[in-house]
2 protein chains.
Amino acid sequence: MRSGYLKESTFWSHGFLLETCMGQQAITTMQHDYDVYEDRCPTRLVLDRVADKWAVLILDRLQDGPVRFNHIRRAIKGISQKVLSQTLKKLERDGLISRAVFATVPVTVEYALTPLGRTLTETVSTLVHWAERNMDAVLAAQRSYDEGRVAVETPGPSTAPLRAEMAPRVGFEPTTK
Amino acid sequence: MRSGYLKESTFWSHGFLLETCMGQQAITTMQHDYDVYEDRCPTRLVLDRVADKWAVLILDRLQDGPVRFNHIRRAIKGISQKVLSQTLKKLERDGLISRAVFATVPVTVEYALTPLGRTLTETVSTLVHWAERNMDAVLAAQRSYDEGRVAVETPGPSTAPLRAEMAPRVGFEPTTK
DNA sequence: ATCATCTAGTTTCCAAACGAAACCAATGGA
DNA sequence: TCCATTGGTTTCGTTTGGAAACTAGATGAT
């Protein structure tokens, strides 16, 4: 699955990038000159993992300590076992969470944040809380969009959208390239 | 697509929740007692929108002011027109960005953050920068996972995981499978 | 002895989404 | 007329998502 990227290992070899994704930088002695806006940059894969609905919910849930598999499943209502299993495996592979198996009566598997994963929890938590705090605003915007198509602030799209930042419409070069 | 949720409109009616998702709270005079851990909670939809690779890249790109369609497309290398168009439309519907059409020589369409969307940019930017900053650590974790299966930091996952929720295990040992 | 239950997953299968490329419409210039 | 630009939509094959069923090991109940 990731092999499609790994085939291009001449581009991205073990954390050191060669040509693209940082352009004019020197090759040696670099640490994190990745550019997530560049295609085939490994940061895209991380972003794909981290910018995921289930992943952020899982990471948020693990904030208060290790949690068992079925515990997470019951906490995040609606998640399927398959998706939970897959997401946990990916997060573990990326070093964000750890997996510990205990030979208890029925087997116990605990998932916990790694130090690396813990550096993300604040952002993740903010994201989750943002959704809860701004839910009403989003719902209002959706209603406004669906009925009437007239935005809250703009009277009409093409009529005369004299936005503050767009004042000099005449002689305005679209800053192409 | 969203009709599956809207069919349950007795549950979620216009921003006010009735039974689930807040349980023992009063129905009237509530503002944001949403629970993203509850299934069929509208916050799940917002999280689905916001916790998306392309959406965070777009929001991050719009931080410095309005950007045209093809400008975004060229900036976020690898994004397809279809996905860009779809994501922009969804973000606009949710009130995170605005769309302004100008009747210029070739038509100009500018996308910009709304005040609501601007409240997310810091978190989004953090997420993107996290990916760039911790890329090497993730790559190292992936290698460690793929070859050997032994975690970098933990020889045995949580040597003494005596957590409150865990039943007292007799002679437990983290069998790393 | 067999059934039921708990654990933590995997497998199956179908629908939904993704993504690359082609296509569309409007307009102006060579 | 042909081409280039704008901002999209459509098509179609591949990939992913998700609900439900199934696996498997150990234990307790009937």
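So that the names make sense, note that chain A is the first sequence line, chain B the second, and so on, each numbered from 1. Both backbone and side-chain heavy atoms feed into the values below; hydrogens, waters and symmetry mates do not.
Shown here are the side-chain hydrogen bond (donor to acceptor under 3.5 Å, both in side chains) partners of A:Gln86, two or more places apart in sequence or in another chain: there are none.
Per the geometry, CG belonging to B:Asp39 stands 12 Å off C1' belonging to D:dA19, to the nearest Å. Across the protein-nucleic acid pair, A:Gln86 atom CD and C:dT12 atom P stand 14 Å apart, rounded to whole Å. The distance between atom CG of B:Leu57 and atom P of C:dC18, rounded to the nearest whole Å, is 14 Å. What separates CZ of B:Arg73 from P of C:dA20 is a distance of 12 Å, to the nearest Å. As a whole-Å value, the separation of A:Leu84 CG from C:dG9 P is 8 Å. Whole-Å rounding puts the A:Asp48 CG to C:dA17 C1' distance at 13 Å. Rounded to an integer number of Å, the gap from B:Lys89 NZ to C:dC18 P is 14 Å. In this structure, A:Glu92 atom CD and C:dA8 atom P are separated by 15 Å, rounded to whole Å.
Nearest-nucleotide positions on DNA chain D for B:Gln81 and A:Asp52 put B:Gln81 closer to the 5' end.
Closest to the B:Arg68 side chain, of the nucleotides C:dG19, D:dG17, D:dT6, is D:dT6. The side chain of B:Lys82 sits closest to C:dC18 out of C:dC18, C:dG9, C:dT12. Closest to the side chain of B:Val109, out of D:dG7, D:dT9, C:dA8, is D:dG7. Comparing C:dC18, D:dG7, D:dA19 by their nearest atom to the side chain of B:Asn70 picks out D:dG7.
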message: So if I define the base as every atom that isn't primed, P, OP1 or OP2, how would nucleotides 24-30 of chain C read as a B/S/- string at a heavy-atom cutoff under 4.0 Å?
response: ----S--

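Using a distance-only test at 3.5 Å, with no hydrogens or angles considered, no donor-acceptor pair links the side chain of A:Arg118 to the main chain of A:Leu96. With A:Arg99 contributing its side chain and A:Val109 its backbone, the two residues share no donor-acceptor pair below 3.5 Å.
Checking the phosphate oxygens (OP1, OP2) of C:dT7, a side-chain nitrogen or oxygen of A:Arg74 falls inside 4.0 Å. Proximity of B:Trp54 to the phosphate of C:dC18: no side-chain N or O atom is located under 4.0 Å from OP1 or OP2. Between B:Ser85 and D:dT9, a side-chain N or O to OP1/OP2 separation shorter than 4.0 Å is present.
Closest approach of B:Pro42 to B:Tyr34, counting heavy atoms only: CG-CE2, 3.9 Å.
Using a 3.5 Å distance cut-off with no hydrogens or angles, the side chains of B:Tyr145 and A:Asp94 do not pair a donor with an acceptor. A:Thr119 and B:Trp130 share a side-chain donor-acceptor pair at under 3.5 Å.
The residue from B:Asp52, B:Thr87, B:Ile97, B:Leu127 that alone fulfils the side chain to side chain contact (heavy atoms under 4.5 Å, CB included) condition with B:Leu59 is B:Ile97.
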